[in-house]
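Below is one structure; the comments refer to it alone.
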Amino acid sequence: MVGLRDWATLYLKGVAMGSADAVPGVSGGTIALIVGIYERLIAAVTAIDPARLRRLLAGVRPANIPDARAAFHEIDGAFLFVLGAGIGTAVIVVLSGVNYLLATRPVATYGFFFGLIAASAAVLLGGVALDTPRRKAAAVAGFLLAFLASGFASTGLGSSLPVVFVAGAVAVSAMVLPGISGSLLLVVLGQYEYMSGTVSRAVDGLVAVARGNGSDALVATLPPVATFLVGGVVGLFTIAHTVRYALARARAATLAFLVSLVVGALRAPLAEVSIRLAESGESWRAAAPRFALAAVAGAAFVLVLDRYSAAIEY
């Protein structure tokens, strides 16, 4: 029998995962490994399919409630709901804080992200073998994709709803992969700062509604938030399953591609800082000490985290 304490513990594990997923470079999948729920999470996510969803929705009719309850148990629904509540809570809180830091301390914040990404890449590269032409080609493709996207997205991609949809699909599907951060991919796509600001404004809108100050602010953020969430659902059904299939068929080459994405993504925080410095008129020479100190702090965080997860079988 699962007690309240067990559910509270699971919720806190979700908070830890969400906190990791909300910052680029640290994977919620890695946190799931550390806290011992990764296999259960993967089993639950991949158990979700259109047939079971239809059975769940059919539960609105009293005659179908027993079958809907069975479908809910088949996808480990209670586990996903409680874990998802923890992840959602952390993502909202952390992104709201990050939005403030990006507005007030952009150089140090992106420097911290750079350290997170660099240390993550260094840790992950130790488990990648580039001893065949196929794996080398996959690594080059992953690096070039992230490197080129990081430069283009920060200036030319924009934040239209189709772009937000794709960003949601990519970012949420990455949550179930150890070592690959969904927020990192948002940075690569140039959507991290936009989505953190949107989430912060949505929270402010909810507070305004609760205080009776109108719903205009909340309504304004609904389209991008809803589009991102729908993209995330699609990502779980498509991209996450595609990556799992690729890992099953060509694990070494797929890992080489994924890890090389992280390496290529190192350009993203540098590009974002360059834009901020150009806007403020500050030189890289003046900003470099702040950037470097924050990067060291970010790298140290990842290395400490890796020390605790080193004995875990991926």
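Being a predicted model, the structure only gives us computed values, none of them experimental. Counting begins at 1 with the first residue of the sequence.
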Quick one: does [X]'s side chain get under 4.5 Å of [Y]'s, heavy atoms only?
X	Y	answer
Ile37	Met17	yes
Leu102	Tyr192	yes
Ser200	Tyr100	no
Leu144	Val140	yes
Leu83	Trp7	no
Ile75	Leu56	yes

Which residues satisfy the salt bridge (Lys or Arg N to Asp or Glu O under 4.0 Å) test with Arg201, sequence neighbours excluded?
->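 Expected list: none.
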
Spacing of [X] atom [atom1] and [Y] atom [atom2] [to the nearest 0.5 Å]:
X	Y	atom1	atom2	value
Phe112	Phe301	CZ	CZ	6.5 Å
Leu186	Met195	CG	CE	7.5 Å
Leu95	Ser196	CG	OG	6.0 Å
Ile275	Glu272	CD1	CD	5.0 Å
Asn213	Asp204	CG	CG	11.5 Å
Leu10	Arg5	CG	CZ	14.0 Å

Under the side-chain hydrogen bond (donor to acceptor under 3.5 Å, both in side chains) criterion, do Tyr11 and Thr89 qualify, and how do the steps go?
-> CA-CA 9 Å; Tyr11 174 82; Thr89 300; 2.9 Å; yes

With a 4.5 Å cut-off on side-chain heavy-atom distances among I, L, V, M, F, W and Y, is there a chain of contacts connecting [X] to [Y]?
X	Y	answer
Val302	Val296	no
Phe81	Leu12	yes
Val233	Ile92	yes
Leu185	Leu229	no
Leu270	Leu148	yes

So which of Thr254, Leu125, Leu130 actually passes side-chain contact (heavy atoms from CB on, under 4.5 Å) with Val259?
->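 Going through Thr254, Leu125, Leu130 one by one, the side-chain contact (heavy atoms from CB on, under 4.5 Å) with Val259 is satisfied by Leu125 alone.
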
Can you list the steps and then say if Phe228 with Phe165 is a ring-ring contact (aromatic ring centres under 6.0 Å, His included)?
-> CA-CA 5 Å; Phe228 186 87; Phe165 176 87; 9.9 Å; no

Side-chain donor/acceptor of [X] to backbone N/O of [Y], under 3.5 Å:
X	Y	result
Ser260	Ala139	yes
Arg267	Phe147	yes
Ser215	Leu218	no
Gln191	Leu189	yes

SB check Glu282 Arg290 (cutoff 4.0 Å) =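 Salt bridge between Glu282 and Arg290, a charged N being under 4.0 Å from a carboxylate O: yes.
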
Report the C-alpha distance between Leu184 and Ile117 in whole Å, list the side-chain angles of each, state the deciding distance to 0.1 Å, and finish with yes or no for side-chain contact (heavy atoms from CB on, under 4.5 Å).
-> CA-CA 8 Å; Leu184 167 61; Ile117 298 167; 3.4 Å; yes

Please test Val199 against Val91 for side-chain contact (heavy atoms from CB on, under 4.5 Å), starting from the C-alpha separation and ending with a verdict.
-> CA-CA 9 Å; Val199 169; Val91 167; 5.7 Å; no

Under the ring pair (Phe, Tyr, Trp, His ring centres under 6.0 Å) rule, collect the residues that match up with Phe72, sequence neighbours excluded.
->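 So Phe72 forms no ring pair (Phe, Tyr, Trp, His ring centres under 6.0 Å) with any residue.
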
Please lay out, stage by stage, how Asn99 and Thr198 fare under the test side-chain contact (heavy atoms from CB on, under 4.5 Å).
-> CA-CA 9 Å; Asn99 182 61; Thr198 300; over 6 Å; no

Stepwise side-chain contact (heavy atoms from CB on, under 4.5 Å) check, Val23 with Ser183 = CA-CA 6 Å; Val23 293; Ser183 291; 5.7 Å; no

If you compare all heavy atoms of [X] against all heavy atoms of [Y], which two are closest, and at what distance to 0.1 Å?
X	Y	answer
Ala90	Gly18	CB-C, 3.7 Å
Ala44	Phe79	CB-CD2, 4.3 Å
Val203	Ser96	CG2-OG, 4.0 Å
Val187	Ala268	CG1-CB, 3.3 Å
Pro269	Phe114	CG-CD1, 3.8 Å
Arg52	Ala47	NH1-O, 2.7 Å

Which residues share a side chain to side chain donor-acceptor pair (under 3.5 Å) with Ser19, sequence neighbours left out =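 Checked Ser19 against side chain to side chain donor-acceptor pair (under 3.5 Å); zero matches.
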
Aromatic rings Tyr110 and Phe113: how do their planes relate, parallel, tilted or perpendicular, breaks at 30° and 60°?
->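 Tyr110 vs Phe113 ring planes: perpendicular.
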
